[in-house]
Each structure stands twice: as structure tokens, then as C-alpha cells.
Amino acid sequence: MNVVTPFEGIGASVRRKEDFRFLQGRGAYTDDAEKPGQLYAWILRSPHAHARVKSVDTTAAASMPGVVEIYTGADMAKDGVGGLPCGWQIHNKDGSPMAEPLHPVLAHDKVRHVGDPVAVAIAATRQQARDAAEAVVVDYDVLPAAATMAAALKPGAAAIHDGVAGNLCYDWHIGDKAVVDAAFAGAAHVVKFDLVNNRLIPNAMEPRSALGEFDRTTGDYTLTTTSQNPHVIRLLMGAHVLHLPESKLRVIAPDVGGGFGSKIYHYAEEAIVTWSAGKLGRPVRWTADRTESFMSDAHGRDHVSHTELALDANGKILGLRVSTQANMGAYLSTFAPCVPTYLYATLLAGVYTTPVIYCEVKAVFTNTVPVDAYRGAGRPEATFLLERLMDVAAKQTGIDRVELRRRNFIQPDQFPYQTPVALQYDSGNYHATLDQAIASADWAGFPARRAEAAKRGKLRGIGCSTYLEACGIAPSAVVGSLGARAGLYEVGTIRVHPTGSVTVLTGAHSHGQGHETTFAQLVADKLGVPVAQVDIVHGDTAKVPFGMGTYGSRSLAVGGSAMMKAMDKIIAKGKRIAAHLMEASVDDIEFDRGTFRVAGTDKTKALVDISVAAYVPHNYPIEELEPGLEETAFYDPKNFTYPGGCHIAEVEIDPETGRAAVVNFTAVDDVGRVINPMIVEGQVQGGVAQGIGQALLETCVYDADGQLLSGSMMDYTMPRADDLPPVSVATHTTLCTHNPLGVKGCGEVGAIGSPPAVINAVVDALSDYGVAHVEMPATPAKLWQIINSGRRAAAE
Amino acid sequence: MYDFAYHKPTNLADAAKLLADPDAKAVSGGHTLIPALKHRLNKPSALVDLSGIAEMKGIRREGNAIVIGALTRHVEVANSAEVKAAIPALAYMASHIGDVQVRNRGTIGGSVSNNDPAADYPAAVLGLGATIHTNKRKIAADDFFQGMFTTALAADEILVAVEFPIPEKAGYAKMKNPASRYVMAGVFISKGAGGVRVAVNGAGPCVFRQADMEKALAANWSANAVAGIAQSADGMNSDIHGSAEYRAHLVGVMAKRAMAAAG
């Protein structure tokens with residue numbers, strides 16, 4: 001009989017099963033798989049941000065040692081290879097669809113950003129492929145580039161895509177402008193504020209990699225790739241790019257070393273290696289070096305916004321007006337259009353009872369790497385805007401910044417709460433998370449700490465952010481009506497083996513999240529099978545039913561819910577088998593963690609007795625019940641989930657150098673029911689690290705010609721351990737009301753809640769310098785500039 | 001990287017012969033050269049690995065100087081009892097170069113002969129008034145650093161050791177570039193038999209001496225003496241991490257902090 005210690009179920013900090021192999025270097029990543037006869041692809045990328053490709057001469061390259069083939073965009077076009085598809089269609093204010101220009105796998109008429117793939121050299125070794133790619137002669141006619149949205153929108157700017165007027169992808173809005181304008185007309189205070197959400201480069205630890213294989217016997221293709229969602233890649237690449245039936249295409253995403261969104265999308269290199277493998281009949285592999293990662297992984301954020309907030313005399317918010325420009329980069333990445341719209345503007349109510357909101361968003365093509373969802377995706381942008389705005393409003397109205405937030409909170413008894421921007425929140429308690437964070441961070445004791453820091457010559461500041469996000473993505477019908485070209489359910493299969501161990505097949509994909517442990521805990525909790533006897537299978541379209549993958553903090557809320565439904569089916573069937581074996585009525589069978597019991601008796605059967613009976617059906621109700629104990633469930637969520645909470649940052653700035661250091665960080669998050677507190681803490685810490693990175697360190701910089709200046713770790717400041725304070729992580733739970741686990745998701749809260757807390761603290765630290773706002777990242781040079789000009793102003 | 005021949009000579013004469021090929025490159029720790037090769041930014045005909053040359057190794061005290069062999073790794077300088085006793089500022093500086101991996105591989109000879117404007121060692125060499133020993137001659141620090149990535153070394157000339165006079169007092173402070181952790185602005189100050197020396201690294205295209213600060217400190221050895229001296233922003237580096245004005249300002253701050261460290 002299986003006995004589960006209660007410590008392995010829901011709420012237990014079970015050590016991560018997968019870490020044994022990761023920590024011992026035994027993970028199996030895409031680039032690890034050696035294949036007989038494999039060839040290496042090296043991709044020649046554009047050195048120009050915008051240029052017409054006059055000719056591509058591969059003659060010299062093709063005759064170099066080891067070279068098997070050089071392919072260009074013309075070769076792919078000749079073969080009928082399609083463009084990389086976009087998975088979300090946004091409509092303009094006038095109802096017309098967004099501009100959706102072709103995104104060729106290999107550029108042939110034009111290149112539109114530095115790093116745009118132009119040709120691929122395939123050779124026996126990586127070095128030979130690289131040598132050959134360097135020998136390809138491309139004749140470019142360099143065109144004026146638009147590296148910024150301002151440049152792209154300027155009248156007369158060069159058109160990046162033929163037929164896309166003004167480089168505008170879409171001009172979208174949400175809310176009733178007239179109603180919002182009316183609310184402003186009656187306001188006691190109007191707060192106006194401009195801000196930028198800085199562009200980020202994700203930099204997962206494992207660079208992207210892809211291996212294409214073709215089986216000459218069966219005609220089957222296999223793509224092994226660093227993906228967060230292999231089924232989505234199979235669908236997009238099979239149906240739109242290579243025109244392969246899904247039955248002939250297998251996509252495997254093995255161990256993947258971090259994604260943060262950047263590995264959701266279907267990238268050119270996946271199509272290149274798969275197509276080339278078919279042409280050549282040999283495995284073709286490609287792995288990015290870090291330089292390629294910088295110039296080809298989808299970037300994140302990059303918004304410029306103007307915002308206006310109307311308040312009454314008591315500080316109660318009357319309305320919010322936002323106008324945002326969002327950078328799409330040179331092409332539409334897979335889910336790019338939804339990020340600055342339905343993952344952003346719909347979040348602008350935040351945790352507040354703002355009655356009316358109007359937001360318009362212009363999405364702009366520029367000669368830069370495509371931008372798409374990056375940890376948080378739209379929600380960090382909304383949160384940064386709102387939570388900075390609350391501090392600016394507090395200053396302008398003279399109301400304490402914490403008090404101003406409290407006055408506008410949605411109250412615990414107002415759920416379900418319908419916002420004016422489409423979302424309906426199911427649960428939350430924003431006072432509780434704020435109270436807990438304020439107490440934990442000793443907000444009241446801050447003035448003493450500030451005074452003590454001043455004695456050491458440091459400027460100390462404190463800031464908070466009371467955030468909310470929407471994740472657990474997403475109800476298929478809802479997102480479909482908003483332009484998604486995919487369903488966003490998830491699938492789970494529970495396979496109880498004859499001797500009682502369990503294999504779980506899930507459409508979710510783990511690339512650092514700890515699914516192999518968390519999901520096993522669900523099985524331990526519900527079926528009573530020890531975690532060690534539960535294996536999670538993911539990341540292979542040949543093994544797992546069609547699932548949608550991992551992003552938007554959805555794996556547990558959606559994928560976990562599918563598993564719960566499948567386990568319900570296992571239990572229901574098990575009860576019928578148990579009833580037969582114990583000669584009782586099905587209605588009298590109770591089940592609790594691995595044990596079937598005839599109610600009110602000591603007659604029991606363990607799960608393993610049932611599984612043996614199911615697979616060896618000698619004594620079995622075979623007339624009415626099929627053998628076997630395996631169930632699949634698809635779960636389509638009823639709503640988004642709404643994690644929220646309060647983050648408090650405390651910073652110290654060295655006024656001599658301008659360097660800001662986060663010295664304390666407190667996170668109190670409501671992520672719904674917590675399955676594994678240790679994993680939640682790790683997720684929050686990782687997210688906060690990225691949020692502090694955005695606030696103080698990271699930014700993508702292009703020069704006016706579209707050259708990527710922050711193109712390596714030498715110039716792009718990734719957060720390091722010594723940039724980060726110890727992060728105090730706590731949770732305060734209100735349950736999600738609409739999924740079987742009551743979970744909300746924890747993958748993104750850290751990256752969403754933390755940036756405004758840090759910048760609010762920086763602005764607070766600089767309160768003596770008359771600073772209203774500091775754009776991210778608050779680098780030493782930028783802060784010194786502010787301090788120095790403040791000093792000069794005082795001196796003059 | 002591109003293909004190249006690899007040689008590992010065991011004496012200076014053989015190494016110099018191999019380096020007579022203008023396209024050959026010397027390598028010791030390889031922490032600058034190997035990444036450049038990997039990025040195909042450099043295409044040498046041959047790498048001449050100096051690590052087998054015994055006479056380029058070791059730390060020793062010679063009279064009133066510390067002589068450090070070119071192959072000595074940063075970690076060895078940082079941990080050397082000899083260096084810590086004689087020139088603690090030098091050991092401190094070595095212990096703050098890059099990160100653990102860099103300090104375990106990188107060598108003083110490699111760093112000094114590369115003369116990266118944002119490297120640490122050139123500031124110590126110039127700030128202490130060291131003498132460079134090569135296979136051909138001895139070169140004063142003041143004559144050695146000639147410009148960005150440029151030194152007085154001839155193509156086939158090999159840096160064998162660096163001789164640091166032991167100062168009465170010395171201190172080093174730097175502001176790191178937030179991304180690369182190289183030096184944004186650093187100041188190495190010493191006072192010894194040769195007088196007061198103030199060397200600035202990171203801020204300009206090449207390590208340089210700050211004459212105004214030297215003069216002020218010669219008259220009044222105190223942090224206050226440098227506090228009032230403004231480094232001109234003319235000719236300072238300017239990039240996405242900081243303006244010339246910011247770097248010039250940092251020179252003043254780091255000078256004050258180097259003085260505090262020097263005591």
C-alpha cells in the first residue's frame with residue numbers, strides 16, 4: 001500500500017526533484033543531443049538596420065571546405081516556405097485589422113533590423129558553417145533606419161514595410177473617451193505624467209537552439225527546440241511556414257534553461273533547420289551564441305506613455321486617461337500585438353476602484369529586434385505606470401501615498417469586481433497584503449533608518465507598489481473574441497500504472513519552474529502516491545496530447561486544473577472498480593489519498609489494488625467498465641486569475657557616485673493557494689531580481705542608425721547576485737474562486753510588482769532634490785546627473 | 001575562432017623568435033584574447049603560449065621593491081604575504097579585478113601589456129611608478145603606456161616582470177562599470193621615494209597621471225587636498241554608461257576614496 005507522508009502534498013516545501021539532474025550537470029538540453037550525420041547551420045545576419053538586399057552571392061561560400069549547402073531567402077521562397085505567422089490580431093479604432101506584414105524566414109528583398117537572417121550556411125562543422133556564412137557576399141543598399149518609435153512615426157520616415165502607412169501596426173483603444181473626458185471635467189485634481197517603460201533583452205541562461213531531423217523512411221520531421229510550448233510551434237510551423245501535416249511533424253522541447261517568454265515564439269531558425277533537414281536528409285542543428293541571442297531573441301517592454309489621472313478633493317480617483325506608444329520592432333513576433341493591448345490596458349484599473357478608464361495604444365514598427373511578451377508582458381508596463389502615478393498623485397494632492405492607495409482600494413466585499421476595462425476580478429484583499437507588507441518592512445521605522453543613512457552620507461528612500469495582475473491565461477472564448485488565433489486551455493493525462501506509480505502527461509512545459517515537483521505534489525495530495533513515484537512528462541508532441549504550453553503564469557492554474565479534473569475521473573473509475581472488488585455500492589465508496597473505503601466499515605482497497613485489477617481484469621466489471629486506469633482532461637479556465645499584493649523597496653543612493661542599492665525588499669503576494677512554498681519563494685525572488693534589473697540596471701540601447709549598442713554582457717547590465725538584497729517573501733492567500741485548486745499563479749508577480757516599488761523608493765530618496773520622476777533604469781550616471789543638477793540649481 | 005598555430009616555448013629566446021611573426025600573438029591567462037578569438041575579432045597566425053617560461057614566474061622582494069613575474073595570476077598577487085606586507089594597496093587592487101574566474105586565470109603581464117583603458121593594473125603600475133622588465137630592456141611606467149591598447153613594447157618584446165617600488169603609502173579606489181565590471185573611473189595614489197603619484201584609469205582612453213592632484217598632495221597629503229581639484233572632462237570617455245562629465249567627477253570621488261584607503 002502506498003503511504004504518503006502529508007509533507008509531500010499541497011503546502012509542503014518538497015525539494016525539487018529535477019534539481020538532482022540539473023545540479024549534477026545531467027540535464028538534457030537541445031544542444032546536447034548528438035545525431036549521426038548531423039550538420040551545422042550558421043546564420044548570416046544583417047549588419048544593417050534597414051537595407052535593400054540587391055544580391056546575395058553564395059558562389060565562393062558554397063565551395064568552401066565542409067560546406068553542404070548555402071540557402072537564401074530566394075531558395076525558401078521558391079520552395080513555397082511561408083512567413084512566420086502572428087498569433088493575435090488586433091483591430092484599429094475604426095474596426096479595420098492591424099497591419100500584418102510578411103515576416104520572411106530568411107529576408108530576401110529587404111533587411112529590417114540588425115540580426116535579421118539573410119542566408120544560412122550548412123556544413124559538417126560549426127566552424128566551417130561560420131566560415132562559409134562569412135564568405136557569402138551580400139550587396140546591400142542601405143536605407144534610412146528608424147531606431148525609435150519617434151523616428152518611425154515622424155512624417156516622411158522611411159517605410160519599413162511596403163504598404164504599412166506611417167510604420168503604424170495599429171491604433172487601438174479601449175474605454176469610452178467621452179465618459180472619461182466628462183469625469184476629468186469635474187475633477188478637483190488632474191495629475192499629468194509622462195513615462196517610459198524601458199526595453200529589455202531577456203537573456204535566458206540557455207541560448208536558443210534547434211535541431212531538425214528528417215526520417216527518409218517515414219517522411220517524418222522532428223524538431224527539437226528550446227521552446228516553452230512545443231505544440232504551438234508544431235501548429236504554427238507546420239500549418240503556416242512549412243505546410244506539413246501535424247501527423248508528420250514532431251516537436252520536442254527537452255530540458256530548457258530558462259525562457260521568461262522569449263522561448264514562446266516561433267523563430268526563423270526552427271523553420272530553417274527543419275526545412276533544411278528535409279532538403280538534405282540529414283540532421284541540421286543550430287545554436288545561438290550570446291551575440292545572436294541579443295540580436296534575435298524577442299525583446300520585451302518598450303512603451304512610451306502619457307497618462308492623466310482625475311481625482312476628487314478627497315483623493316478618490318474619478319478617471320484615468322492613457323495614451324501609449326508600443327514598439328513592435330521590425331516584424332510582428334508571435335504574440336506581440338496582444339501585449340500592449342489586452343495584457344496591458346485591461347490592467348489599468350489595478351487594485352483601485354477607478355470608475356472610468358480610456359486607453360489608446362499605437363503599435364509602431366521600428367528597425368529593431370521584434371518585441372514580444374517578457375516575464376509579466378504588459379502587466380509590468382501597466383503596473384509601473386499606475387504605481388508611479390499613485391506616488392505622483394500623492395505628492396500633488398498632498399495625501400500620504402499609502403493612504404491614497406487605501407482610499408482607492410477595491411474593498412474585500414466588492415468581489416466579484418467588474419473593472420471598466422473588461423476584467424472581472426474574483427478575489428483579493430489588498431488591505432491585507434498592504435498591512436502585512438507595511439508591518440514586515442517596518443514602514444513606520446523608516447525615518448530613523450533614513451536619518452541613520454544620512455549620517456553615513458547616503459540618501460535613503462522607501463517606496464511601495466500595490467499591484468495586481470491577470471494570469472492563468474486564459475478563457476479560450478474570451479481571448480478568441482479579443483483576437484487570439486489559439487485556444488488557451490490546457491491538457492493533463494493521469495496514467496496510473498499497474499503497480500501504482502503514476503505518469504502525468506501535461507501540455508505545460510517546465511523550463512525552470514519546478515513542475516516535476518509541484519505537479520507531482522498534486523498527485524501525492526489527491527491520489528496518495530509518493531512524489532518519488534510520480535513522473536511528469538512534458539515537452540514532446542509525440543507523447544503529450546495537444547497542449548498550449550507555459551507562459552502567463554498559467555501552468556498550475558490551467559495545467560494543474562486539467563490534472564485535477566483527470567484525477568477526478570481516475571477516482572470515479574477507481575470507485576467503480578473498488579465497489580466491484582469489495583462488493584459494495586459505488587455510492588458507498590469513499591476515497592482519500594490512495595485509499596478506497598466502504599463508508600462506515602474497515603473494508604479498504606489501496607489505489608494499487610485498483611490499478612492491478614484495472615490492468616489484470618480477471619475479477620473486474622468488464623461488461624460495464626473498460627480496463628485500464630488512465631484519464632485525460634482538458635481544462636479551459638472560466639476567467640483569468642488575479643494575483644496581487646504589495647512590494648516595498650528600500651534603497652540607498654550614494655550621492656557621490658549616484659549608485660543606488662536596494663537594501664531591503666519585502667514582497668507580500670496573494671498567489672492563491674500555495675502548493676510548494678519553497679518554489680513560490682524562488683519564483684518571487686527570481687521575478688524580483690528581474691524587476692530590480694529593469695528598475696536599476698537593464699536597458700536595451702540602439703544608436704540612431706539602429707546599431708545595437710547594448711549587444712553583449714559588457715554593455716547590457718544583467719543583475720548579479722551582489723546587485724540584489726535578501727528578498728523577504730511572504731504570501732497572504734485569498735483563493736481563486738473558479739479553478740479547482742484555488743491557485744492564481746506566481747511566476748510573474750515578482751517582475752510585475754517590483755519595478756515601481758524600487759523607483760518610488762529612488763524618487764523618495766531624492767525628495768530633497770525636487771525630483772518628480774526617474775526613468776528606468778536608474779543607473780549611477782543618471783542619478784548622479786539628477787543629483788548634480790539639483791545641487792547646481794540650489795547653488796544658482 | 002579562426003584556425004591558428006599553437007606554440008608553447010620554454011624560454012624567452014624561443015618565444016621572441018616565434019613572436020617575430022607580426023601576425024603571431026602572445027597569450028598567458030588568455031582572459032582578454034580568448035574571448036576576442038571566440039568572437040572572431042582577431043585572426044592571429046599563431047598563439048605563443050608563454051606559460052611554460054620559468055623566468056616569467058614568481059613574486060619576490062628585491063631590496064626596496066617587489067618584483068612580480070609576468071605570468072603571476074591576479075589571485076597570487078592578492079594572496080601573496082609578501083605583497084600584502086609591502087604594498088597592501090596592490091594586493092587589494094588585485095583582489096578586486098573582475099571576478100574569481102578572472103583572477104584565477106588572468107596575469108599581471110597580460111593585463112599590463114594589453115593596456116586596456118578600463119583595466120586595473122595599469123593604474124597600479126603608473127601610480128606606483130613601477131618599472132617594466134622585458135626580454136630586452138627596462139622601461140619606466142611613465143614611458144610604457146602610450147595610448148589605448150598601446151604600449152612601448154615592440155612586437156617581439158615580451159614583458160617579463162614588473163618591479164614595484166615599495167611606497168610609504170598607497171591606496172586604490174574604483175567605480176565599476178555596472179555591466180562589464182571593468183573600471184569606469186579608478187585612482188591609484190602613492191607616496192614614496194619618487195614623490196606623490198596619482199594615476200587615473202577607466203576614465204580616459206589610456207591610464208594617465210593627474211598632475212594637479214599630485215601637486216596638491218605633495219603639499220598636503222590628505223583627502224581634503226584632492227577634494228577641491230576638478231578633473232577636466234575634456235578627453236574623458238563617454239558612452240552609454242556615463243558621460244565624460246560623469247567620469248571626470250568620479251575621478252575626484254575615487255581620488256578622495258583612494259586617499260582614505262591610503263591613510
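Since the structure is predicted, the reported quantities are computational estimates derived from the model, not experimental observations. Order of the sequence lines fixes the chain letters, A, B, ..., with proteins taken first and strands second; residue numbering starts at 1 for each chain. For the numbers below, each heavy atom of this structure counts, side chains included, while hydrogens, waters and symmetry mates do not.
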Find out whether B/V162 and B/F144 are in side-chain contact, i.e. whether some heavy atom of one side chain is under 4.5 Å from a heavy atom of the other. no
Flag side-chain contact, heavy atom, 4.5 Å: A/V114 against A/N367: no
Segment of [X] engaging chain B (4.5 angstrom heavy-atom cut-off):
X: A/E134; value: side chain
X: A/D131; value: both
X: A/P719; value: neither
X: A/R130; value: both
X: A/M718; value: neither
X: A/T779; value: neither

Please rank B/K38, B/M1, B/R181, B/R40 by heavy-atom pairs under 4.5 Å with chain A and give me the top one. B/R40
At a heavy-atom distance under 4.5 Å, which candidate from B/P178, B/G252, B/S243 has the highest pair count against chain A? B/P178
At a heavy-atom separation under 4.5 Å, does B/N177 approach chain A through its side chain, its backbone, both, or neither? side chain
Top contributor to chain B interface from [options] [non-hydrogen pairs under 4.5 Å]:
options: A/T699, A/L696, A/D654, A/L697; result: A/D654
options: A/G658, A/S710, A/A781; result: A/A781
options: A/V701, A/T291, A/T657; result: A/T657

In short, B/M148 meets B/P117 closest at the heavy-atom pair CG-CG, 3.7 Å
Have A/E698 and A/N198 got a donor and an acceptor in their side chains that come within less than 3.5 Å? no
Show your reasoning for whether salt bridge (charged side-chain N to carboxylate O under 4.0 Å, His left out) applies to A/R659 and A/E652. CA-CA 8 Å; A/R659 183 170 184 273; A/E652 276 189 10; over 6 Å; no
Report yes if the distance between the aromatic ring centroids of B/Y121 and B/H74 is under 6.0 Å, otherwise no. yes
So, are A/E656 and B/R257 salt-bridged, with charged N and O less than 4.0 Å apart? yes
Quick one: does B/K174's side chain have a donor or acceptor within less than 3.5 Å of a partner on B/H96's backbone? yes
